[in-house]
Every structure is written in structure tokens, then in C-alpha cells.
Protein chains: 2
Amino acid sequence: MPQKTNKISCEECTTTSCFVKKTNPQWLAKISEFKNQVVYPKGQYIFSEGSPVFGAYFIQSGDVKIVSSSFSGRQNIVRLAKNGHMMGHKGVAKENYPVGAVALNDARVCFLNNELLYDAFLNNTHFTIEIMMFYSKELRKSEMRNKFFAQMTTDEKVAYAIVYAGEIVGQKNNKGQIMITLSRQELAQIAGTNAEQVSRTISHMKNDGLLSLDGRCICIESLPEMYNLLSEYEQFI
Amino acid sequence: MPQKTNKISCEECTTTSCFVKKTNPQWLAKISEFKNQVVYPKGQYIFSEGSPVFGAYFIQSGDVKIVSSSFSGRQNIVRLAKNGHMMGHKGVAKENYPVGAVALNDARVCFLNNELLYDAFLNNTHFTIEIMMFYSKELRKSEMRNKFFAQMTTDEKVAYAIVYAGEIVGQKNNKGQIMITLSRQELAQIAGTNAEQVSRTISHMKNDGLLSLDGRCICIESLPEMYNLLSEYEQFI
DNA sequence: CGTGCTTTTGAATAGTATCAAGGCCGGTGG
DNA sequence: CCACCGGCCTTGATACTATTCAAAAGCACG
């Protein structure tokens with residue numbers, strides 16, 4: 001169950017990349033006062049597919065996966081998000097955009113309802129512009145992903161999923177290498193394939209010395225070589 | 001070659017959905033004065049892949065395809081755009097986002113340079129918010145497209161490409177049916193497949209009475225049945 | 001009326017998903 | 001502490017879909 005702990009105010013929050021930090025001081029205080037904050041434990045749904053969202057979520061700490069499942073039951077990871085990222089914003093129109101958000105580890109998340117958010121947009125030009133830029137960049141990445149996924153082999157898609165996961169939710173071990181704790185199934189849901197293919201690709205890469213395994217945990221041995229596999233597609237990570 | 005004709009000012013422009021219309025009257029006049037306007041004939045590049053873009057383009061009339069080709073030479077249509085749409089905006093950061101825009105028919109396009117644009121953002125809150133919403137919606141569509149393309153069959157992707165093309169660049173004939181003049185190759189570049197598969201799928205659909213052909217031009221006989229093919233994916237068009 | 005490009009259709013090939021079985025690991029209870 | 005159980009992971013065999021290659025037909029252009 002989500003835990004209500006003491007709320008960490010925007011003034012004392014150390015997540016410098018959070019968009020809310022772009023508002024002016026009095027608005028930062030106002031948002032800090034009216035925002036809702038919850039700590040979600042690992043595996044917990046922050047919001048579910050299908051249920052309407054009346055505001056936006058800003059991640060203060062922790063990692064989150066944004067998922068979307070089709071009626072045939074297949075689930076898909078739309079993107080990964082970490083501190084400073086924004087999610088759940090639907091604009092004004094209540095379109096049907098069935099995504100849910102699940103905490104990958106304990107995640108502290110702030111919620112701003114639509115009234116507060118829209119008011120903030122109207123009174124904080126730089127805040128609005130920053131969020132516009134964020135969407136613009138994400139759109140570009142998504143379009144590139146679209147384009148490249150149409151021509152990548154499965155191996156390349158899996159390589160992409162591993163590198164992408166490493167960037168957002170990877171943790172450095174004592175050698176400075178990036179460790180990824182996502183399951184094969186979750187990587188498959190990023191790459192748009194199935195767990196078996198992910199497993200096969202990981203085996204190949206292990207034999208080639210690009211990765212090593214620590215139990216089920218994936219360790220990237222050679223990040224440059226991983227990028228090299230994706231060199232044809234380098235624009236979109 | 002692009003033609004410089006008499007500029008149609010923002011005040012006399014009839015494209016009501018253009019974002020520039022969201023600015024206040026004095027800014028509308030200012031943008032109208034400082035914007036650059038060019039009429040591009042069919043097939044002409046409005047901007048090319050690789051060359052940096054120092055502003056944003058707003059389509060006043062005509063249709064445009066946004067293309068992106070990979071180093072292996074495969075070209076891909078990222079999206080289609082028509083009057084009222086915005087394109088080419090890169091935000092502030094000069095990232096590498098190699099897309100080009102090609103006129104599908106004679107297209108009248110307005111260009112606003114970054115200084116003018118950014119100044120307009122700072123002084124027209126509603127303008128900025130509208131563009132933010134636009135990107136937000138486009139991002140959602142792109143993510144849905146990503147998700148569904150990972151699980152659609154080629155036939156379904158082609159059906160999507162035809163319906164999508166019909167929505168944006170389709171023209172009604174005297175029976176009220178939608179006609180599409182894109183080539184098989186172009187449809188393949190939307191669907192993420194090749195011209196042969198598009199041709200096969202079109203043949204199937206012709207046999208099933210969903211489409212008819214007028215020379216090379218595709219005519220949608222039964223739009224409901226086309227949508228029906230995509231009913232599992234209906235969120236994202 | 002020919003030339004070149006697009007479209008259509010067929011056949012061969014390659015790649016990927018699916019199905020199935022066995023192995024590994026962590027957790028639980030005796 | 002050990003045995004068992006269940007879930008995740010790995011690997012192989014098979015079937016199928018889609019891409020590629022190739023060739024013929026159709027259409028538009030000079």
C-alpha cells in the first residue's frame with residue numbers, strides 16, 4: 001500500500017531537474033503547499049490503465065515504468081521514468097490514453113491537479129516553455145524509435161532496450177559498471193519482442209563479452225561496444 | 001523552385017487552426033510582418049535532412065510529408081502534415097534530428113525564426129500552452145503507434161497507413177469517398193514495410209470490396225470496414 | 001510508339017514467434 | 001539444514017510470416 005510519510009517540500013527537494021523548479025518562488029511555495037505526495041513501494045501502481053487522471057505526476061525519487069496493455073493481454077512498456085520526469089499529464093481534453101505507471105522501486109511522487117497545473121502554466125512562462133520543450137524532445141525520441149524499430153533486427157532492439165534501461169534505471173556497481181535488474185519479460189516489453197528472444201540475445205552478448213550475468217541481473221561490461229551495435233541508430237537515445 | 005508570391009498575412013489567413021492565431025492581436029500583426037512565406041511546388045523540399053533549422057514552419061495550405069532516411073538508404077515517413085500543422089521546431093538545443101519535409105502538392109508555408117518564436121512564447125501564454133498541448137497529443141499518438149506497430153501484422157499496418165493517409169491528405173471524390181494519391185512506396189514508408197507488401201494488401205482489400213483502384217489512385221469504398229480492421233487499435237488515429 | 005518507372009504477382013529465403021522441455025534460483029516449510 | 005515447489009530463465013525444434021529477389025504487366029511521359 002502507498003505510504004503517506006512526511007511530505008518533502010519543493011524548497012527542500014534536491015531533484016534539480018524537476019520542472020516545478022522553473023516556477024517563480026511564490027509559485028514554488030504554492031505548489032509545494034497544494035501538491036499531494038505519496039511514496040509508492042516497489043510493484044505498486046501509481047495510476048492504472050483506464051482510470052482517468054486529473055493532473056500530472058512528478059517523480060521526486062525512484063524509478064517508474066509506464067505500461068500499456070492491449071486487449072489481447074500483451075503488455076508493453078511505453079517508457080521508463082526517473083526523478084525529475086513528468087507523467088500522466090493528459091492535457092485538457094479527456095482522451096482515452098490507456099497507460100498505467102508502476103513503481104520499479106520505492107518511488108516518491110508528487111501530484112498536481114489540473115487546476116493547480118493550469119494556473120501554474122498561465123502564470124509561469126518559463127515553466128510552460130520547459131514542459132513544451134520536454135514534450136518536443138520526447139516526441140522526437142518517440143518518432144526516432146518508431147522509425148528505427150521498423151528496420152532493426154531483434155538483436156538490435158534488445159541491445160537498445162538494455163542500453164535504454166541502463167540509462168534510466170541502471171545502477172552502478174563498485175567497478176563503475178551499469179547493472180540492470182529488469183526481468184527478461186520487461187526488457188522484451190521495451191524491445192517489442194518476447195522473453196525468449198531477449199534471453200537468446202543476452203546469451204550471444206555474454207559470449208561476445210559485452211555483458212555478464214550476476215544471477216539474473218545484467219551487467220554491461222562494455223558500454224562502448226553496446227553503443228557500437230546501435231551506431232546506425234545513434235540519434236535517438 | 002520555391003516561388004515567392006504575394007505574402008498572405010496572418011490577418012487574412014483562413015487557416016483557423018493555426019497556432020499563431022492564439023497570439024494576441026498585436027503579436028499576430030508582428031508575426032505577420034516578420035514571418036517569411038514561401039509557396040513550394042509538389043515534390044520540393046521545404047527543409048532537408050541534416051541541415052539545421054533555425055525556427056519553425058507553419059503550413060498555411062497544402063500537404064507535406066516529414067521524411068527521415070537511415071544511412072542504409074531506407075527512407076521513412078515520420079508523419080504527414082496539412083494546413084494548421086507545425087513542423088521543424090527543434091527547441092533550443094541543437095540536437096541532431098535528421099528529418100526533412102517535402103511538399104506533396106503546392107504548399108504555402110510560413111517560417112518563424114527562433115528569436116521571433118521564443119519572444120512570442122514569452123509574451124503569449126495561450127500560444128505556448130496550445131503548442132505544449134499539441135506536442136503532448138502528438139507524443140501520445142506516437143507512443144501508441146509505437147506500441148501497436150510492435151504487435152500489428154503487415155496487413156494491419158498497411159490498413160493503418162491507408163486510413164491515416166486518408167485522414168490527412170485524402171481528397172473526397174464526387175461520391176464522397178476518400179481518394180489517396182500516395183504511391184505504394186510512400187504508403188510502405190508510413191507502414192514500415194515495402195512496396196510489394198502494400199501492393200499485396202491492397203489486392204486483398206480490393207477483392208474484399210474495401211477499396212477500389214482508379215489507375216494508381218486508391219479509393220476507400222468502406223471506411224467503416226477499414227476502421228473495423230483496426231478496431232483493436234482504435235485509440236491512436 | 002517506345003522508354004522508364006511503378007505496380008503486381010510469384011517463388012525462394014531468412015528471420016522471428018511460438019511451443020515445449022529442462023535447468024536454475026529463491027523462497028517456504030518441515 | 002535440507003527438500004520441495006514455483007517462477008524465471010535458457011535452449012532447441014518447428015511453423016509461419018514477411019522480406020527479398022525476380023520477372024512480367026501496366027501506366028505516364030516524351
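Lettering follows sequence order; numbering is per chain, from 1. As the structure is a prediction and not an experimental result, all values here were calculated from the model.
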S.K.: Measure from NE2 on A/His204 to C1' on D/dG12 and round the result to the nearest Å.
M.R.: 12 Å

S.K.: Which sits closer to the 5' end of DNA chain D, B/Arg216 or A/Gly215, going by the nucleotide each is nearest to?
M.R.: A/Gly215

S.K.: Between atom CE in B/Met152 and atom P in D/dT17, what is the gap in whole Å?
M.R.: 17 Å

S.K.: Determine: side-chain N/O of B/Thr154 to OP1/OP2 of D/dA18, distance under 4.0 Å, yes or no.
M.R.: yes

S.K.: Using a 4.0 Å heavy-atom cut-off, does B/Ser183 contact any base of the nucleic acid, only the sugar-phosphate backbone, or nothing at all?
M.R.: sugar-phosphate

S.K.: Check for me whether the distance between the ring centres of B/Phe149 and A/Phe149 falls short of 6.0 Å.
M.R.: no

S.K.: With a 4.0 Å limit, can you tell me whether B/Asn194 has a side-chain N or O closer than that to the phosphate oxygens OP1/OP2 of D/dA18?
M.R.: no

S.K.: Return the 5'-most residue of the pair A/Ala150, A/Lys206 with respect to DNA chain D, ranking by each residue's nearest nucleotide.
M.R.: A/Lys206

S.K.: Is any side-chain N or O of A/Thr193 closer than 4.0 Å to OP1 or OP2 of C/dA17?
M.R.: yes

S.K.: Is there a donor-acceptor pair under 3.5 Å between the side chain of A/Gln37 and the backbone N or O of A/Ile8?
M.R.: yes

S.K.: What is the distance from CD of B/Glu196 to C1' of C/dT6, rounded to the nearest Å?
M.R.: 11 Å

S.K.: With heavy-atom distances below 4.5 Å as the criterion, would you say the side chains of A/Ile162 and A/Val158 are in contact?
M.R.: yes

S.K.: Base, sugar-phosphate or nothing for B/Leu187? Non-hydrogen atoms, less than 4.0 Å.
M.R.: nothing

S.K.: Could you give the CG-to-C1' distance, from B/Asp214 to D/dG26, as a whole number of Å?
M.R.: 14 Å

S.K.: From the options C/dG10, C/dT18, D/dT11, select the nucleotide whose nearest atom is closest to the side chain of B/Arg200.
M.R.: C/dG10

S.K.: Check this one for me: any side-chain N or O of A/Ser203 less than 4.0 Å away from OP1 or OP2 of D/dT11?
M.R.: yes

S.K.: Taking A/Cys18's backbone N and O only, do any of them form a donor-acceptor pair with A/Thr15's side chain (distance below 3.5 Å, no angle check)?
M.R.: no

S.K.: In whole Å, what is the span from the CG atom of B/Asp155 to the P atom of D/dC16?
M.R.: 17 Å

S.K.: Ignoring backbone atoms, establish whether B/Arg184 has a side-chain N or O less than 4.0 Å from OP1 or OP2 of C/dT8.
M.R.: yes

S.K.: Quick check on side-chain hydrogen bond (donor to acceptor under 3.5 Å, both in side chains): which of A/Glu49, A/Arg74, A/Gln189 does A/Ser69 satisfy it with?
M.R.: A/Glu49

S.K.: Rounded to whole angstrom units, what separation is found between the CD atom of A/Glu186 and the C1' atom of D/dC9?
M.R.: 14 Å

S.K.: Rounded to whole angstroms, how far apart are CD1 on A/Ile218 and C1' on D/dC9?
M.R.: 11 Å

S.K.: When the distance from CG of A/Leu213 to C1' of D/dC8 is rounded to whole Å, what number comes out?
M.R.: 13 Å

S.K.: Less than 4.0 angstrom between a side-chain N/O of A/Gln197 and OP1 or OP2 of C/dA17, yes or no?
M.R.: yes

